[in-house]
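Here is the structure we will look at, set down as structure tokens.
The sequence lines fix the lettering, A, B, ..., with proteins before strands; numbering per chain opens at 1. Keep in mind that what you see is a predicted model, and the values were worked out from it rather than measured.
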Amino acid sequence: MSAPLIELVEIEKHFGPVIALNGVSVSVDAGECHCLLGDNGAGKSTFIKTMSGVHKPTGGKILAEGREISFDSPRDAMLAGIATVYQDLAMIPLMSVTRNFWMGREPQKRVGPFKFFDFSEANEITMTEMAKMGIRLRSPDQAVGTLSGGERQTVAIARAVYFGAKVLILDEPTSALGVRQTSNVLATIDKVRKNGIGVVFITHNVRHAMAVGDRFTVLNRGKTLGTAKRGDINAEELQDLMAGGQDLAQLEGSLGGTV
Amino acid sequence: MSAPLIELVEIEKHFGPVIALNGVSVSVDAGECHCLLGDNGAGKSTFIKTMSGVHKPTGGKILAEGREISFDSPRDAMLAGIATVYQDLAMIPLMSVTRNFWMGREPQKRVGPFKFFDFSEANEITMTEMAKMGIRLRSPDQAVGTLSGGERQTVAIARAVYFGAKVLILDEPTSALGVRQTSNVLATIDKVRKNGIGVVFITHNVRHAMAVGDRFTVLNRGKTLGTAKRGDINAEELQDLMAGGQDLAQLEGSLGGTV
Amino acid sequence: MAETQTAATPDQDERIREMSTFRKALIRPELGAICGTILVFVFFIAIAGDSGMFAPEGIINWGTVSAQFAIIAVGACLLMIAGEFDLSVGSMIGFSGIVMALMTVHWGLPAWFAILAAFALTLTIGALNGFLVIRTGLPSFIVTLASLYILRGLTIFISITTTRKTIIGGVREAAEGDPIAWLFGGKVFSGLFVWLADLGVVGKFVAGPRAGQPVVEGIPMLMIWALVLIVFGHILLTRTRFGNWVFASGGDAQAARYVGVPVNRVKILMFMFSAFCATVFATCQVMEFGSAAADRGLLKEFEAIISVVIGGALLTGGYGSVVGAALGALIFGVVQQGLFFAGVESSLFRVFLGVILLLAVILNTFIRRMITGER
Amino acid sequence: MAETQTAATPDQDERIREMSTFRKALIRPELGAICGTILVFVFFIAIAGDSGMFAPEGIINWGTVSAQFAIIAVGACLLMIAGEFDLSVGSMIGFSGIVMALMTVHWGLPAWFAILAAFALTLTIGALNGFLVIRTGLPSFIVTLASLYILRGLTIFISITTTRKTIIGGVREAAEGDPIAWLFGGKVFSGLFVWLADLGVVGKFVAGPRAGQPVVEGIPMLMIWALVLIVFGHILLTRTRFGNWVFASGGDAQAARYVGVPVNRVKILMFMFSAFCATVFATCQVMEFGSAAADRGLLKEFEAIISVVIGGALLTGGYGSVVGAALGALIFGVVQQGLFFAGVESSLFRVFLGVILLLAVILNTFIRRMITGER
Amino acid sequence: EGERFVLVSHAPDSDSWWNTIKNAIAVAGDQMDVEVEYRNPPTGDLADMARIIEQASASNPDGIIVTIADFDVLSGPVSNAVAKGIPVITINSGTEEQSKKLGALMHVGQPELDAGKGAGEKAKAAGVTSFLCVNHYITNPASVERCQGYADALGVELGGQMIDSGQDPAEIKSKVMAYLQSNPDTNGILTLGPTSAHPTLAALEESGKSGTIHFGTFDLSGEIAEGIKSGVIAFAIDQQPYLQGYLPVVILTNLARYGVVPGNSINSGPGFVTKDNIALVEKYAGEYR
Ligand SMILES: Nc1ncnc2c1ncn2[C@@H]1O[C@H](COP(=O)(O)OP(=O)(O)OP(=O)(O)O)[C@@H](O)[C@H]1O
Ligand SMILES: Nc1ncnc2c1ncn2[C@@H]1O[C@H](COP(=O)(O)OP(=O)(O)OP(=O)(O)O)[C@@H](O)[C@H]1O
Ligand SMILES: [Mg+2]
Ligand SMILES: [Mg+2]
């Protein structure tokens with residue numbers, strides 16, 4: 001098998017006195033969906049920010065297709081084919097959907113010696129892509145601020161998908177989404193994966209992970225608890241791994257086993 | 001049966017040209033957990049903001065224990081016994097955990113003619129309550145900004161629980177939480193409910209809802225799709241109600257039925 | 001993914017009330033400024049219509065003042081949309097003027113060199129402002145407040161220590177025949193005005209050495225600069241990729257950074273552009289009047305910010321319009337000069353200005369909320 | 001819920017590196033200002049130690065200047081922590097001074113009445129500022145910029161139209177024997193200084209009209225006011241429920257509102273407190289110098305903001321310390337006066353100030369990040 | 001009847017010295033039954049002043065009265081006004097020659113450098129060797145010229161003896177005290193107007209040096225008059241601003257009505273107000289004097 005698309009080896013990341021990552025190794029192959037699970041504060045967001053060039057790791061190395069690289073900025077990572085949809089900020093509410101969608105990669109057309117933002121093309125593509133994700137816009141000039149939280153996240157995902165990269169990172173894309181939109185996102189992940197793109201999918205929801213994941217890595221307090229392949233592990237075992245079986249068992253008992 | 005703790009009848013809410021709520025009725029009884037479900041933009045947040053005095057409804061009325069009331073500010077609602085943990089903002093990152101915990105209801109001690117913030121008591125209670133929720137703080141002076149997103153939400157819930165109100169509203173409290181902390185929250189909801197407090201619980205996760213809910217109301221585009229009692233409906237039916245059965249069935253099929 | 005496509009929400013519109021196309025076309029960032037401009041003109045035509053305010057010289061007069069405001073307002077506008085602002089504009093005007101005057105008059109360097117050197121210096125300072133803001137993560141209010149003090153102090157210090165004066169004259173003579181100085185101090189379309197004067201549309205001088213010439217000599221280069229900068233700023237902002245980056249940097253720098261917008265570069269460039277505008281302002285002034293003074297530009301930063309804000313921009317960045325800022329500058333200039341023509345006690349000018357500012361921003365906020373659904 | 005209690009994370013601390021208690025005790029909002037103060041004192045003791053700067057008269061000298069800054073800085077500090085700021089402080093100083101002088105000198109009203117009336121008026125204006133900020137949701141920068149212009153314009157207008165002057169003198173005579181005027185203009189502990197002079201600790205005048213009297217007449221009330229306001233502000237902020245509300249209102253007004261903090265009331269009160277401090281400043285000045293001028297207080301708003309920011313407060317609100325602001329004012333005063341004692345070219349003062357401001361905020365940002373884990 | 005004149009000064013809104021001139025034009029306006037407008041750049045920015053002059057000539061008044069704050073800046077607008085056929089009289093700062101160059105009818109004023117020199121000569125006679133010039137408005141060139149003239153007359157370098165005092169009275173006072181404390185051999189003080197003179201009086205009082213230092217000031221006010229009487233202030237240079245406001249209005253009115261105009265410039269100052277002639281001056285100090 002060829003070298004993984006991207007491989008992070010023994011990554012450490014310290015913030016002043018806080019050790020957020022303490023040696024985490026994860027690799028992403030082409031066409032796989034690698035799920036990252038873990039409790040709050042386990043370091044999932046920190047880890048993927050390291051992968052996408054936002055943070056520089058304190059220790060460890062990053063290999064892209066076998067060669068060691070380092071990212072100085074998110075732009076570097078993007079150029080290396082790593083696209084990310086962040087948990088918290090992705091959209092700028094005051095700007096129109098089109099401007100947000102194309103932010104950083106605006107299509108241009110030449111007029112004489114000058115290059116201008118090609119709005120007609122941009123608007124058209126935006127409307128189409130949004131419709132594909134199940135969002136009907138009043139107009140592409142509509143400000144993102146007029147969309148609901150979930151709708152915004154959908155726009156961000158549509159954008160990342162449209163600019164299809166080699167590795168697509170999704171930080172809890174489904175946590176604020178409704179059932180239908182979650183299904184859409186999961187279906188999209190599935191489609192993206194089938195096109196040979198590696199997906200890193202972060203979630204708290206074991207069922208969402210089981211639905212699309214090929215491999216599962218559980219983080220705990222800045223360390224890897226282990227990586228499992230699809231089929232080697234079932235939902236209950238994963239849940240146990242994430243939270244420490246005993247507590248959960250008790251809770252499930254008292255709440256009717258439906259958590 | 002006595003009158004519900006709070007009852008909202010045919011609530012409408014317009015934001016300029018947007019009709020966010022178009023006649024929604026929900027009631028909360030003492031000791032029940034009323035789950036509010038619905039897709040993104042269905043109006044769940046808008047609805048509970050109306051209930052907690054943030055928005056004034058455009059139409060409809062609010063009854064508390066049978067008497068019509070109206071809230072001019074969140075403070076009014078709080079005084080009427082309605083405590084809320086919001087989806088987005090709940091904590092002030094620059095302030096210490098204690099100051100956040102007690103914000104708006106600071107304990108005071110008299111020194112001569114003056115009243116001072118009673119820090120020793122406040123700190124002690126904060127530490128205890130946090131420990132109960134499974135969060136161990138370095139010190140009560142620690143700034144909330146040093147906690148992870150999930151940890152912050154837990155503090156907000158602990159606060160609302162501690163100031164135990166007649167009605168506790170939780171807007172997607174579990175969406176950013178890990179499995180263990182989710183279990184904690186659900187267990188807490190269960191406990192709170194058993195103490196005779198009415199809980200309004202908003203979530204996208206049907207399983208979380210099924211775990212603790214006594215009644216389920218599904219919103220869709222600003223309207224109530226209907227309210228069902230626990231036992232009258234199962235998880236699959238609820239899911240169908242939320243998202244329109246057909247699409248989901250198709251998706252579940254293609255993804256292995258695990259969503 | 002055909003199934004999700006068909007699942008696209010069928011008629012979301014049931015929840016959006018009707019909004020007429022007319023109303024939609026109207027609500028744009030500069031609407032407030034447009035209304036303000038119309039109001040202000042109606043007002044002054046009513047109360048000062050016969051005072052010479054709308055005669056050709058009167059128009060050139062308030063036009064020049066407005067053009068002055070507009071030049072710095074364009075810089076401030078783009079910078080503000082990029083999410084920062086610059087309190088050192090005023091000090092920069094004083095500083096670059098003194099630098100040019102010192103070089104030409106005191107050290108005898110050619111004017112073109114002095115002008116280029118002044119531009120180079122202020123652009124460097126602008127970049128430094130930007131660099132500090134980016135690197136330290138401090139609010140630009142603080143950083144540029146520091147440069148306000150540092151630059152003003154330095155300006156007084158160098159002018160006092162080198163020439164023992166805070167005003168340095170004789171630049172016009174020194175710049176006589178210079179290849180680029182006329183770009184800032186000259187007037188254009190003189191021929192047009194001679195023709196207009198012959199037609200009787202424009203008055204003529206009746207006495208002195210220039211008897212017989214038209215009272216309006218030409219369009220000052222200042223106005224040309226203002227127009228060029230406005231058009232440039234407007235196109236840059238609304239029609240180019242870079243313009244989108246400016247909006248993005250101001251709207252949410254972090255989000256923009258995450259998708260690969262070179263936010264730091266954008267912000268630093270905008271600081272430099274603001275410094276550039278300040279220097280254009282200063283050069284025009286020095287070349288027109290032939291002297292530089294250490295106190296030039298005092299409080300101009302506020303005037304620039306006021307114009308921009310009247311023009312509908314958001315103080316916190318990410319929203320605004322160059323055309324709006326230009327209209328804001330026009331309102332500012334017309335009111336300032338118009339009160340004079342109307343014979344109002346001059347100390348009341350500030351009262352007027354404050355009231356206009358308040359009314360304008362309230363109107364703008366209202367319009368913006370309609371557009372952006374901001375809450 | 002015994003099960004969740006036992007499930008409490010057992011040793012989260014494994015991921016927190018050790019931080020010594022000493023280091024922990026050190027990092028507090030005012031640390032930057034404390035270091036700054038020490039540095040500034042060391043610096044001036046080294047270069048101006050023998051110039052009389054640290055003799056009793058010298059201390060009273062820079063002490064008074066610092067006290068002035070401190071008075072407005074306390075107001076600005078609390079307001080800034082509550083998330084707003086007030087650019088109209090300077091205009092308010094000019095305005096209230098002229099109001100007092102007009103009332104006492106021009107209209108012959110008793111001084112106590114004039115003082116109370118001026119306070120009532122400025123508190124109303126402060127409340128109005130706050131009210132506008134709250135109701136319109138506009139940034140306080142804009143609203144108070146408007147009041148800056150409106151108040152300054154009004155001040156000049158009323159003083160010119162009623163007395164044809166912009167400096168109104170004779171207030172001291174009019175306030176002679178007034179029951180409350182001495183609270184602002186007087187000096188206290190004169191006896192102490194006579195005693196100290198007799199002991200030889202404080203020098204005596206050897207010539208001139210006051211030969212034989214101690215060189216320091218007493219502690220000016222200005223300093224007492226500064227101390228009282230600092231102590232009051234500090235206790236209010238750190239030890240009371242209201243203080244917590246101030247932090248909360250500035251930290252995140254929406255979140256605070258949701259849990260029932262009366263944010264609007266807090267902000268309006270802080271605007272009023274800032275107006276109160278400005279009026280204390282103005283009254284002390286009017287009573288000490290016996291005259292009021294329409295241009296008093298020019299740019300004082302910036303000086304207040306600079307002191308507060310040097311003192312470690314966050315421009316965006318929710319974080320800061322009154323003690324820090326007071327130290328910032330002290331640094332400001334000592335540097336300004338120290339440069340004179342050291343005989344440095346006085347126009348360089350502004351340059352120094354700018355540099356100190358920059359260094360201080362950079363240090364403060366660093367400290368704040370350590371404390372709050374802000375990213 | 002009802003002619004309209006415009007007076008354009010360089011002073012910022014708050015400069016109190018100009019009240020005398022404002023009062024003067026009000027009086028002259030009443031007496032001659034003409035309308036006189038006072039205009040000034042709000043922040044004292046001379047470039048703004050140039051605009052105001054342009055604007056004044058655009059409004060076609062019957063005459064313009066203007067200060068020559070900076071010859072370079074004003075030469076364009078003023079000579080344009082003259083060329084438009086508007087009679088111009090220059091006042092206050094600037095020199096007769098400059099006034100002529102601009103094509104003005106005449107100049108009513110006092111050259112700043114000479115006034116400073118006059119003050120310096122008096123100080124030299126009183127034995128001043130080391131002085132302090134309290135400049136509360138250092139960005140205005142005229143202010144530097146006054147200090148420079150004083151220094152020239154004494155024959156010493158100006159150097160650090162001119163301080164940038166700012167406009168806040170408490171700061172001016174503290175700065176003066178600080179300067180005197182660290183330069184104890186200072187035996188002369190020049191202040192440039194009431195803004196700096198009043199706090200300087202307080203500073204001298206508080207540091208027990210009232211009367212021990214030769215203290216001269218520009219311009220008059222109630223406090224300054226008081227200081228002269230008590231001997232703390234040796235003299236005040238009075239350029240009799242009232243005349244600078246009053247005369248041009250009268251002259252321009254007469255020119256407009258009867259075509260008569262005096263042939264020469266008028267020196268309104270410097271007049272030195274000392275203990276000997278204070279009684280006369282005092283009554284109207286700050287209002288008409
Ligand atoms: N910039 C930073 N400075 C200091 N500490 C940080 C920083 N970023 C993250 N941390 C700490 O690192 C730890 C891991 O945080 P991270 O956000 O990666 O967790 P997470 O797994 O994404 O949690 P969640 O599920 O809540 O999103 C947390 O304890 C957090 O407090
Ligand atoms: N202040 C407001 N102004 C205008 N429109 C608003 C406002 N608040 C909410 N809306 C609109 O009302 C609708 C309902 O929004 P709401 O936030 O209540 O949805 P929600 O059910 O909470 O969705 P989510 O699951 O994404 O949190 C959305 O279409 C939103 O755009
Ligand atoms: Mg995370
Ligand atoms: Mg919601």
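Minimum interatomic distance between C/Tyr149 and D/Arg350 (heavy atoms only, all atoms of both residues): O-CB, 3.3 Å. Nearest approach of C/Ala146 to D/Gly354, heavy atoms of both residues: CB-O, 3.4 Å.
Contacts of C/Ile356 with chain D are absent, with no heavy-atom separation under 4.5 Å from either backbone or side chain.
Chain D forms the most heavy-atom pairs under 4.5 Å with one residue out of C/Val143, C/Leu358, C/Leu138, and that residue is C/Leu138.
None of C/Leu151, C/Leu154, C/Thr155, C/Ile156 except one satisfies the side chain to side chain contact (heavy atoms under 4.5 Å, CB included) rule with D/Val351; the exception is C/Leu154.
Put simply, the side chain of C/Thr136 does not reach to within 4.5 Å of the side chain of D/Val361, judged on heavy atoms. The shortest distance between side-chain heavy atoms of D/Ile362 and C/Ile142 does not fall below 4.5 Å.
Under the 30°/60° scheme for interplanar angles, the aromatic rings of D/Phe141 and C/Phe85 are found to be tilted.
Residue D/Leu145 holds its CG atom at 9.5 Å from CG of C/Leu315, rounded to the nearest 0.5 Å. Summarising the geometry, atom CG belonging to C/Leu148 is positioned 10.0 Å from atom CG belonging to D/Leu353; distances are rounded to the nearest 0.5 Å.
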